[in-house]
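Let me begin by presenting the structure, written as structure tokens, before commenting on it.
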Amino acid sequence: MTVNKKGILVVVSGPAGVGKGTVCDVVSKNNPEIFISISATTRAPRRGEVDGVHYYFKTKEQFEEMIENNELLEYNKFVNGNYYGTPAKECDTRLENGVNIILEIDVEGGKQVRAKRPDAVMIFVLPPSFCELEKRLRGRSSETEEDILSRLARSEAEFEYGKKYDYLIVNDMPEMAAAKIQAIIEAEKHRTFRCLNEVKKNIIR
Ligand code: 5GP
């Protein structure tokens, strides 16, 4: 029996190429009750990416309208000029309905979520080593050399903020990293501050 009724907001960050996407996909495949939030972005779709499934692909104007209308829980504009952000309403509706949500976002977005939602669970994913990270990033071959170098340079700065996250996880094997995230979410469901109201209502005053 689980007594917390609201979903848990989980932030997963980590350097580009660390495999957060793969890890989060494993988590949601193993747990259909955990939903990976769909971000809005102005970057062009990669091959195989579908609007409304992988991202909501927006023009710069559309995205800036979302910012002005306060529709985003968090957002960031990356050095390459592309915006990325989390549509707030969709996220909140799911949380209210008891769905656990993972935001796979960068540390700047993570900072904004932490400030607005102190109950969010912050997980930072690390590579087994930085050589391995570069190998993974190059293996992806979907980015330009300039993009790769800028993403590598950002990863060290990102870890400075990653040190403030609640949990650090090394992704040496996606299934293992996913199992750790699942274990964290399971434990978080039972945190006293999440359960106390329901316990007082239904079990003991
Ligand atoms: P990609 O272009 O490879 O899909 O994503 C690049 C980076 O954008 C990833 O490291 C990912 O964490 C970050 N990202 C994706 N969606 C969001 C979002 O909604 N907000 C923020 N702040 N970052 C995001």
Side-chain angles (χ1 to χ4, degrees), residues 4-46 48-59 62-78 82-125 158 161-162 164-167 169 171 174 177-186 188-189 191 194:
N4 79 308
K5 291 277 182 252
K6 269 188 76 174
I8 296 175
L9 184 58
V10 181
V11 171
V12 175
S13 300
V18 77
K20 320 181 278 290
T22 312
V23 172
C24 290
D25 286 347
V26 176
V27 172
S28 101
K29 212 160 64 192
N30 291 346
N31 304 269
E33 81 283 6
I34 300 176
F35 185 81
I36 315 285
S37 165
I38 303 164
S39 298
T41 185
T42 57
R43 88 143 159 74
R46 295 191 186 120
E49 284 184 335
V50 178
D51 185 41
V53 175
H54 299 95
Y55 280 103
Y56 296 112
F57 294 102
K58 302 282 179 193
T59 63
Q62 287 171 327
F63 199 101
E64 287 176 347
E65 206 174 301
M66 291 174 87
I67 298 174
E68 258 172 51
N69 295 339
N70 226 355
E71 290 172 35
L72 298 169
L73 170 60
E74 60 71 40
Y75 72 93
N76 194 11
K77 190 180 191 181
F78 287 11
N82 286 326
Y83 283 112
Y84 291 80
T86 305
K89 197 163 164 218
E90 204 175 298
C91 179
D92 286 337
T93 308
R94 289 206 162 87
L95 290 173
E96 280 306 321
N97 290 332
V99 177
N100 301 311
I101 311 243
I102 295 184
L103 308 185
E104 193 219 308
I105 61 177
D106 81 323
V107 289
E108 180 49 45
K111 259 187 226 179
Q112 295 169 34
V113 174
R114 170 130 280 179
K116 286 188 186 165
R117 308 285 169 90
D119 61 329
V121 180
M122 316 279 294
I123 303 175
F124 193 86
V125 183
E158 282 180 335
Y161 194 75
K164 299 192 177 106
Y165 274 48
D166 302 314
Y167 298 93
I169 281 187
N171 178 24
K180 287 170 191 161
I181 292 180
Q182 286 160 218
I184 290 168
I185 295 174
E186 192 51 39
E188 286 283 339
K189 283 183 196 166
R191 294 282 296 272
R194 296 188 203 279

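Just so it is clear, the structure is predicted and the values come from calculations on it, not from any experiment. All values below come from the heavy atoms of this structure, side chains included, with hydrogens, waters and symmetry mates left out.
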Heavy-atom count check: over 12 atoms from other residues, nucleotides or ligands less than 6.0 Å from E68 CD?
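Open: at most 12 neighbouring heavy atoms sit under 6.0 Å from CD of E68.
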Looking only at side chains, do T41 and Y56 share a donor and an acceptor under 3.5 Å apart?
no
Side-chain donor-acceptor contact under 3.5 Å, Q182 with N30
yes
Identify the heavy atoms of [X] and [Y] that sit nearest to each other, and give their distance.
X    : Y    : value
T86  : S37  : CG2-OG, 3.7 Å
Y165 : S13  : OH-OG, 2.6 Å
G85  : P87  : O-CD, 3.5 Å
P15  : E158 : CA-OE1, 3.2 Å

Lys/Arg-Asp/Glu bridge criterion (N-O < 4.0 Å) met for [X], [Y]:
X    : Y    : value
R114 : D119 : no
K116 : E74  : no
R43  : E49  : yes
K89  : E71  : no
K20  : D25  : no

Check for a donor-acceptor pair, side chain of [X] on one end and backbone N or O of [Y] on the other, with a separation under 3.5 Å.
X    : Y   : value
Q62  : T59 : yes
N31  : I34 : no
N100 : G7  : no
N171 : V18 : yes

Can you tell me how far the [atom1] atom of [X] sits from the [atom2] atom of [Y], to the nearest 0.5 Å?
X    : Y    : atom1 : atom2 : answer
K111 : I105 : NZ    : CD1   : 12.0 Å
I181 : I102 : CD1   : CD1   : 6.0 Å
I123 : E188 : CD1   : CD    : 8.0 Å
I38  : E104 : CD1   : CD    : 12.5 Å
Y75  : T42  : OH    : OG1   : 12.5 Å
S39  : L72  : OG    : CG    : 9.5 Å

Side-chain heavy atoms of [X] within contact of [Y], under 4.5 Å:
X    : Y    : value
R194 : K6   : no
I8   : V121 : yes
F124 : V12  : no

Report the C-alpha separation of V23 and V26 in whole Å, then their side-chain angles, then the decisive distance to 0.1 Å, and conclude whether the side chain to side chain contact (heavy atoms under 4.5 Å, CB included) test is met.
CA-CA 5 Å; V23 172; V26 176; 5.8 Å; no
Please evaluate residues L9 and C91 with respect to the criterion side chain to side chain contact (heavy atoms under 4.5 Å, CB included), reporting the C-alpha separation (whole Å), side-chain torsions for both, the decisive distance (0.1 Å), and the verdict.
CA-CA 9 Å; L9 184 58; C91 179; 3.8 Å; yes
Pair Y84 and F78, ring centroids less than 6.0 Å apart:
yes
Run the side chain to side chain contact (heavy atoms under 4.5 Å, CB included) check on F35 and S28 step by step: do they pass?
CA-CA 6 Å; F35 185 81; S28 101; over 6 Å; no
Decide side chain to side chain contact (heavy atoms under 4.5 Å, CB included) for Q112 and L73; before the verdict, give the C-alpha distance in whole Å, the side-chain angles of both, and the deciding distance to 0.1 Å.
CA-CA 8 Å; Q112 295 169 34; L73 170 60; over 6 Å; no
Start with the C-alpha distance between E64 and Y83, add both sets of side-chain angles, then the distance that settles side-chain hydrogen bond (donor to acceptor under 3.5 Å, both in side chains), and finish with yes or no.
CA-CA 9 Å; E64 287 176 347; Y83 283 112; 2.7 Å; yes
